[in-house]
Amino acid sequence: MLDRRYILENQEVIRTNLKNRMVQVDFDRFLELEYERRELQKELEAVRAEGNAVAKAKGLTVDERRAQGIVCKQKEGALTAKLKPVEEEAQAIYVTIPNLTYEGSPVGGEDASATIAEGKTPMRQFDFKPRDHIDVMEDLGILNLTAGAKVAGGGFYYFIGQGALLELALSRYALDYVMKAGYTPVITPDLARDSLMQGAGFVPRGNESNTYHLEDSDLNLIATSEITLVGMVADEVVETSKLPLKLAGLSHCFRSERAHGSATRGIYRVHQFTKTEMVVVCLPEDAEKVHMELRRLEQEIFDNLGIPYRVLEIATGDLGAAAYRKFDLEAWMPARNGIGAWGEITSTSNCTDFQARRLNIKYRDGQGKLQFAHTLNGTALSVCRAMIALVENHQQADGTVEIPEVLQPYMGGLKKLTPQR
RNA sequence: GGAAGUGUGGCCGAGUGGUUGAAGGCGCACGCUUGGAAAGCGUGUAUGGGGCAACUCAUCGCAGGUUCGAAUCCUGUCACUUCCGCCA
């Protein structure tokens, strides 16, 4: 959420931003409602002040107070009835107004996002036709999609043997790597309340929701541990000495992917995956620096895994509502779509104070005043996507897959994935 | 899952219908005192909204309700504690 007063005082900034982000918001209606709301609010407060004065007045008898109080109460009731629908409609529009946008973000839709850097690993020249991750992994006996579909439906999968170990190795490697940069490892709940889902920027119910809601409860399966990590400090004043608060959550992530149907083959788009996610709560003046650190860590992890990638500066039209600025890493997946394609593997967003305002995350500034903190998030490693990039890039003509050196200690020294009996 | 109890400011804690936004204490800030420090003394010390300001509105887990008036009464809900049951 943006500051309501800021919105009223910077209407043109908001209008331009809505246009750049290609977001449909009835801003005129919002302004109309907001001004009306403020007028009604003032009237209501005046009536309340009168009522309070009557209730406290020593010169009046109880009967006199009662008589005058009832009049105030009636007026208050009438005003409240008028105010409520105005407030509700204004609020409904208010929550759809997205964050401000970094001035350097390319203006436009998804296609406008700009490649601003590339990884250290060059794209490999294959002397054979690279096979896609499904073929490679199924032949190795480390992936079983059929069983996943049988048990839980499309979009679910089994990792078996070396595949299971590979998930743990990737997750643990990423966790250890960011721990060295000062991130505290955290295991979080895999479920979260509706209110937190909304606060963190995820729609818990309805058709546009990408999350699973648990029937007869106010709980949802989390789509990322970002939700539970920021939830940990929601409604709190974080001690300034503890900032920046750097967390690395390891959790399962669940996504219903209603919008995408169930057609996607393989493990690129699945309903459940494991992800190591970084979240930082910091002072406003540190946010930009932290964002660069998140991006650097993501790059280093994939450089070390020997996976070629490019870094995208995300265009205005493709930013999430909370993101002020966002980078994606896209790995080269040599067999994707049959001919090779870039596929998103990580994403890091600077949410400025937008998410903190919604979740009420504060700190005390030098004057002792409460201020909203800034929050940022970034993927350290999302297992399925990383796994695709890894097996497709490191596959050998004989069907084996070389394990990157940094992962070998986590695989009991294993250097190659080989066919399982 | 059943029963009982509790939920007040940064913290502890008083407060069961009427100048209580909230006693007292701790902590913190400033001042006095001191060669310096400690102790002692004094003053101040919630958050958000509206207003240039005086001031005013809201907030005592959360949401409703009763009442002229609610931290205080009622209902629901969430959390915590204890007891019972169940269980990895």
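Every chain is numbered from 1 and lettered A, B, ... according to where its sequence line falls, protein lines coming before strand lines.
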Donor on one side chain, acceptor on other, Glu293(A) and Tyr183(A), under 3.5 Å: yes

Whole-angstrom distance between A71(B) and U20(B), as gauged at atom C1': 9 Å

Leu219(A) CG - C78(B) P separation (whole Å): 11 Å

Length of the CG-C1' vector between Asn360(A) and A46(B), whole Å: 14 Å

Greater than 12 external heavy atoms within 6.0 Å of Gln24(A)'s CD: no

Geometric class of the Phe27(A)/Phe30(A) ring pair [parallel <30°, tilted 30-60°, perpendicular >60°]: parallel

Detail all sub-3.5 Å separations between protein N/O atoms and N/O atoms belonging to nucleotides 62-68 of chain B.
residue : atom : partner  : partner atom : Å
C68(B)  : O4'  : Arg66(A) : O            : 3.4

Atom P, compared across G48(B) and G85(B): separation rounded to whole Å: 49 Å

Touch class at under 4.0 angstrom, heavy-atom based, for Arg193(A) against every strand present: sugar-phosphate

Nearest-angstrom distance, P atom, U34(B) to U16(B): 46 Å

Value in whole Å for how far the P atom of U47(B) lies from CD of Glu236(A): 17 Å

Rounded distance in Å between the P positions of G2(B) and G65(B): 28 Å

Counterpart base for A22(B), defined by Watson-Crick or G-U wobble contacts under 3.5 Å: none

Atom pair distance, as rounded to whole Å: CD in Glu43(A) and C1' in G49(B): 17 Å

Stretch residues 78-98 of chain A: residues that reach within less than 4.0 Å of RNA chain B through a heavy atom: none

Cation over ring face, Arg385(A) and Phe273(A), 6.0 Å, 45°: no

Carboxylate-amine/guanidinium proximity below 4.0 Å for Glu50(A) and Lys75(A): yes

Identified pairing partner of G5(B), criterion: Watson-Crick or G-U wobble below 3.5 Å: C80(B)

Passing candidate, side chain to side chain donor-acceptor pair (under 3.5 Å) with Arg296(A), options Glu298(A), Gln299(A), Glu300(A): Glu300(A)

Donor-acceptor contact below 3.5 Å, side chain Ser105(A) vs main chain Ala315(A): no

Complementary nucleotide of G31(B), counting Watson-Crick and G-U pairs under 3.5 Å: C41(B)

Ring centre gap for His133(A) and Tyr268(A) strictly below 6.0 Å: no

Separation of the C1' atoms in C60(B) and C28(B), to the nearest angstrom: 22 Å

Flag for Lys275(A)-Thr379(A): side-chain donor and acceptor within less than 3.5 Å: no

Pair Lys180(A)-Asp176(A), salt bridge (charged side-chain N to carboxylate O under 4.0 Å, His left out): steps then yes or no: CA-CA 6 Å; Lys180(A) 278 186 231 150; Asp176(A) 282 357; over 6 Å; no

Polar side chain donor-acceptor pair, Thr352(A) to Asn99(A), under 3.5 angstrom: yes

Between P of U45(B) and CG of Leu370(A), the distance in whole Å: 16 Å

Distance, P atom - from A70(B) to A63(B), rounded to whole angstrom: 16 Å

Any side-chain donor near an acceptor of the partner, Tyr173(A) and Asn304(A), under 3.5 Å: yes

Criterion salt bridge (charged side-chain N to carboxylate O under 4.0 Å, His left out) on Asp353(A) and Arg357(A), from CA distance to verdict: CA-CA 6 Å; Asp353(A) 61 356; Arg357(A) 184 171 288 110; 2.9 Å; yes

Met1(A) CE - G49(B) P separation (whole Å): 12 Å

Hey, what are the protein-to-nucleotides 50-57 of chain B N/O distances that come in under 3.5 Å?
residue : atom : partner  : partner atom : Å
G50(B)  : OP2  : Arg5(A)  : NH2          : 3.4
C57(B)  : OP1  : Asn52(A) : ND2          : 3.1

Rounded distance (Å) that lies between atom C1' of A46(B) and atom CZ of Arg364(A): 8 Å

Interatomic distance where CG belongs to Asp365(A) and C1' belongs to U47(B) [whole Å]: 14 Å

Distance, P atom - from A4(B) to U77(B), rounded to whole angstrom: 14 Å

Base-pairing mate for U75(B) - Watson-Crick or G-U, with both contacts under 3.5 Å: A63(B)

Pairwise C1' distance for G25(B) and A14(B), with rounding to whole Å: 11 Å

